[in-house]
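These notes concern the structure reproduced below.
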Amino acid sequence: MRAYPEDYLNDVVESQGKLFDFVAHSYPDKDSEDFIEQYMKSKTRKRFDEAMAYVNTMSAEELWIYFIKTEKYTLKAGKALGGFMPDWIGEFYAYYQWYYNIPSWEVIEKVPLDFLKKAYSGLHDLDLDLAVRKVGETR
């Protein structure tokens, strides 16, 4: 059993990837890793887990504004993740949450961001479904 109907999956995966990419590239002097960790544990992300159409249809910029208002979040100084990594991590976490039907806060605990950063070079070229299953088998 999956987290929600597959009809929502592509939109959720794509929007979360774009959100992580938007934050990392719009704020290169801010800690995008802290953002990702806080986001995955947030009420905003929980709404995605529950397939709430209102947040599922937001653009990355709209979702960013919604997140900072809802969670009262402020980016911390630091360094942003570069290249395609933020987008891929966003997509990976969204698909993993759907595939294993677990809360997003649990995803980030089972598959820590440090692990994904180290595994990125070996996983990002794989089909997303295969990458999620490979990591899930070890967690």
Side-chain angles (χ1 to χ4, degrees):
M1 176 151 179
R2 303 296 184 230
Y4 47 82
E6 193 169 352
D7 296 346
Y8 293 105
L9 180 62
N10 288 338
D11 289 339
V12 172
V13 168
E14 184 178 335
S15 66
Q16 185 162 293
K18 286 181 178 180
L19 172 65
F20 288 13
D21 191 63
F22 171 79
V23 172
H25 290 98
S26 296
Y27 305 97
D29 60 339
K30 301 295 182 187
D31 186 349
S32 54
E33 292 180 45
D34 178 72
F35 160 71
I36 291 169
E37 291 188 19
Q38 297 307 310
Y39 177 79
M40 292 299 293
K41 297 174 184 177
S42 71
K43 291 179 226 154
T44 302
R45 178 60 195 147
K46 185 177 183 211
R47 290 183 175 105
F48 274 92
D49 293 358
E50 298 164 348
M52 294 191 143
Y54 177 70
V55 292
N56 286 3
T57 59
M58 291 182 180
S59 69
E61 294 87 354
E62 291 169 329
L63 188 54
W64 166 241
I65 292 166
Y66 180 83
F67 172 74
I68 59 174
K69 286 182 179 178
T70 302
E71 312 297 332
K72 298 178 182 21
Y73 179 77
T74 304
L75 287 166
K76 295 182 177 170
K79 188 174 181 214
L81 294 171
F84 298 109
M85 189 182 295
D87 182 72
W88 182 83
I89 288 172
E91 290 183 358
F92 180 93
Y93 277 149
Y95 195 91
Y96 192 99
Q97 184 277 326
W98 174 81
Y99 189 86
Y100 289 105
N101 191 14
I102 59 175
S104 291
W105 63 265
E106 193 175 321
V107 170
I108 194 119
E109 290 180 7
K110 283 184 178 267
V111 186
L113 195 48
D114 283 341
F115 171 84
L116 274 188
K117 287 177 11 188
K118 290 175 187 165
Y120 174 76
S121 63
L123 292 174
H124 81 279
D125 283 334
L126 298 177
D127 177 71
L128 189 57
D129 181 73
L130 179 58
V132 163
R133 286 187 286 121
K134 278 185 166 287
V135 171
E137 291 169 2
T138 66
R139 299 285 167 192

Ionic contact status for K79 with E33, cut-off 4.0 Å: no
Pick out which of L63, L19, D11 makes a side-chain contact (heavy atoms from CB on, under 4.5 Å) with M58. L63
Candidate pair F92 and V13, rule side-chain contact (heavy atoms from CB on, under 4.5 Å), full reasoning: CA-CA 8 Å; F92 180 93; V13 168; over 6 Å; no
Does the side chain of L123 reach to within under 4.5 Å of the side chain of L126, using non-hydrogen atoms? yes
With a 6.0 Å cut-off on the ring centroids, do W64 and F20 count as close? no
Report the residue from D29, D34, D31 that forms a salt bridge (Lys or Arg N to Asp or Glu O under 4.0 Å) with K76. D34
Under 3.5 Å, is there a donor-acceptor pair between the side chain of S26 and the main chain of V23? no
In plain terms, say whether K118 and D114 are close enough for a salt bridge, that is, a side-chain N and a carboxylate O under 4.0 Å apart. no
What's the separation between atom CG in D21 and atom CD in E91, rounded to the nearest 0.5 Å? 9.5 Å
Checking side-chain contact (heavy atoms from CB on, under 4.5 Å) against M40, which of L113, V111, I108 comes through? I108
In this structure, CD of E71 is separated from CZ of F35 (nearest 0.5 Å) by 10.0 Å
Any donor-acceptor N/O pair, E62 side chain to S59 backbone, under 3.5 Å: yes
Locate the shortest heavy-atom distance separating V55 from F48; write the atom from each residue and the value. O-CZ, 3.4 Å
Taking everything shown except F84 itself, do over 12 heavy atoms lie less than 6.0 Å from its CZ? no
Rounded to the nearest 0.5 Å, what separation is found between the CD atom of Q38 and the CD1 atom of I68? 14.5 Å
Distance from E50 atom CD to Y8 atom OH, nearest 0.5 Å? 12.5 Å
Only one of F67, W105, Y73 clears ring-ring contact (aromatic ring centres under 6.0 Å, His included) with Y39; which? F67
Nearest heavy atoms of P112 and Y93, plus distance in Å: C-OH, 3.5 Å
Shortest non-hydrogen contact between A60 and F22, atoms and distance: CB-CB, 4.1 Å
Using every non-hydrogen atom in the two residues, find where P86 and A24 come nearest and quote the distance to one decimal. CG-CB, 3.5 Å
Pair Y95-N10, side-chain donor/acceptor within less than 3.5 Å: no
Closest contact, heavy atoms only, K117 versus I89: CG-CD1, 4.5 Å
Please determine if K46 and D49 form a salt bridge, counting it only when a charged side-chain N lies under 4.0 Å from a carboxylate O. no
Hey, does R2 have a side-chain heavy atom less than 4.5 Å from the side chain of Y99? yes
How far does OG of S104 sit from CH2 of W98, to the nearest 0.5 angstrom? 14.0 Å
What's the separation between atom CE in M52 and atom OG1 in T57, rounded to the nearest 0.5 Å? 12.5 Å
Would you call R133 and D129 a side-chain contact if the rule is heavy atoms closer than 4.5 Å? yes
Residues K18, E14: salt bridge by 4.0 Å N-O rule: yes
On a heavy-atom basis, the closest approach of W88 and A131 is CZ2-CB, 4.4 Å
If the plane angle is over 60° it's perpendicular, under 30° parallel, otherwise tilted; pick one for H124 and Y120. parallel
